[in-house]
2 protein chains.
Amino acid sequence: MTNAGQREQDRLYVSPMTRARPYDRDTALDAALTLFWKKGYHATSLKDLEAALQMKPGSIYAAFKSKEALFLLALDRYYQRNRQTLADLQTAHASPLTALAEFLRSFAKAEADDPKRRACMVVRTMLDATEGEAALAVQSRHYLDKMTGEFRAIFDAAKAAGELPEDADTARLARRYQANLTALRIEAQRGLEAAALSDLSEDMACEIEAMRMKKGAESPSAPAN
Amino acid sequence: MTNAGQREQDRLYVSPMTRARPYDRDTALDAALTLFWKKGYHATSLKDLEAALQMKPGSIYAAFKSKEALFLLALDRYYQRNRQTLADLQTAHASPLTALAEFLRSFAKAEADDPKRRACMVVRTMLDATEGEAALAVQSRHYLDKMTGEFRAIFDAAKAAGELPEDADTARLARRYQANLTALRIEAQRGLEAAALSDLSEDMACEIEAMRMKKGAESPSAPAN
DNA sequence: AGTTGTCTTGAGCGATCACTCAATGCTGGT
DNA sequence: ACCAGCATTGAGTGATCGCTCAAGACAACT
């Protein structure tokens, strides 16, 4: 009542005999996500986290158990947001293929706004994970698999909508699409100039939209022409 | 004369009054390359290097100055080898476009042999480099730029050979090709099953080889059909 | 064999790593 | 006003980080 700025976790934590958490879990996780995304798991120290979350080590460990557990929470947050962005594009565009094409273009557009944008955090985590951090390796691959599934579902929807031929291999198309997306975001971090990045995303987006016209195509590797 | 196994550094170090280096610089750099490629810069400790190079810390620093300097030497070695592999394919195949297609296929083939293959070390270094390691960031981007230049030169050769139309944007094609290559190698590390990886490389390779037929194509983003 | 000078050695440097816990605040209930 | 009880604190844990250097080992010369 007194505070209109209440957040989600307040609803989840209403038991008596305890005061509200003085730290804002949502804000803290956002800060952790930003930091981990920017520096990566290995290069981020607890000192960095203390500064970013404005919490002392004891509080961090009381709230998140360990650096790895905190990272996994941040990674999940990252994944859910990407998933939501894609879902929004699906509702915004009637055509599934258009939604996929726009998803690609959106990354080139975002790069124009923020020249310091980073590659996909999930991919980066997968590349960085060592043997001793099996949880990171497993979880990042899990998210990648889920993302492939999302893409495949959209290609399936395109097929159901008549945008793709009945015999289209949607799993294969999904893998190809994800490869494009991964590479595009890496090129963004590489620092490709805006025009070149836009060209690249356009090449990829057109590759998707071109599928709609060619209903006679048999496979993605051998487009009939 | 007594030893047929003499190596490069022996030729570079023939001043009197010194014994031959008891460590094998070539072997040591190979070991460093393997280790750094596998674990990445941050996750590789001096202890790891001591074990892999079979050298004590003092020797490592006497020979290579610092962990970062050693990494840069390993990275250069990595780059030169990739460059050489590509050059070999160019001499093995009369058609530039075929060479590029085979380069892609070779990574899917290599994956079948070694299921633990890693993504491109240069890309990985670029993604990992933090602000404090500017040298790594600069150098990895430098290698990526050089690689783009290599690809462009091959596309130019294809144009000269009549495989591509006169108005083909070879710089743009090179960026698109490099994006494909990067993504393919990341998917390999992700652990994509051999058949799926082979499909992916085939999709990319066919995309290249399909250019040869379509001499009427105006731009890579809008293939005429 | 002795001399010379470089190379190797490995204990150990200060700094930083991820992390812990006894002490201290602060809040809600009475 | 007081108590009960959890959250926060921050100095400090042992381990490990990248790195150094005085001392010893050894080969190439005389």
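Sequence lines set the chain letters: A, B, ... in the order given, protein chains first and strands last, and positions in each chain run from 1. Given the structure is predicted, the values throughout are model-derived calculations rather than measurements.
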Checklist entry - D:dC19 P sits how many Å from B:Lys65 NZ, rounded? => result 10 Å

Checklist entry - Nearest-Å distance, CD1 (B:Ile60) to P (C:dT9)? => result 10 Å

Item to check | A:Lys56 charged N/C atom sitting above A:Tyr61 aromatic ring, 6.0 Å / 45° | outcome: no

Item to check | Separation of atom CD in A:Gln54 from atom P in D:dT8, rounded to whole Å | outcome: 14 Å

Item to check | Ring geometry between B:Tyr177 and B:Phe103 (parallel below 30°, tilted from 30 to 60°, perpendicular above 60°) | outcome: parallel

Checklist entry - Starting at CG of B:Leu46 and ending at P of C:dA15, how long is that distance when rounded to a whole Å? => result 18 Å

Checklist outcome for this item: From CE of A:Met55 across to P of C:dG25 the rounded distance in Å is 19 Å

Item to check | First encountered from the 5' end of DNA chain C, between A:Glu50 and B:Ala62 | outcome: B:Ala62

Checklist entry - For B:Phe36 and D:dG18, what is the distance between atoms CZ and C1' respectively, to the nearest whole Å? => result 11 Å

Next on the checklist: Applying a 4.0 Å non-hydrogen cut-off, can you work out what B:Lys56 is touching in the nucleic acid: base, sugar-phosphate, or nothing?
Outcome noted: base

Checklist entry - Just how far, in rounded Å, is C1' of C:dC17 from NZ of A:Lys39? => result 13 Å

Checklist entry - DNA chain C: A:Ser45 or A:Pro57, which has the more 5' nearest nucleotide? => result A:Ser45

Checklist entry - Within the pair A:Ser59 and D:dA7, is there a side-chain N or O less than 4.0 Å away from OP1 or OP2? => result no

Checklist entry - Hey, what's the ring geometry for A:Tyr79 with A:Tyr143, parallel, tilted or perpendicular (30° and 60° as the breaks)? => result parallel

Checklist entry - Do the rings of B:Phe36 and B:Phe71 sit parallel, tilted or perpendicular, given the 30° and 60° boundaries? => result perpendicular

Next on the checklist: Looking at D:dC19, I'd like to know if its phosphate oxygens (OP1 or OP2) sit under 4.0 Å from a side-chain N or O belonging to B:Tyr61.
Outcome noted: yes

Checklist outcome for this item: Separation of C:dA18 atom C1' from B:His42 atom NE2, nearest Å, is 16 Å

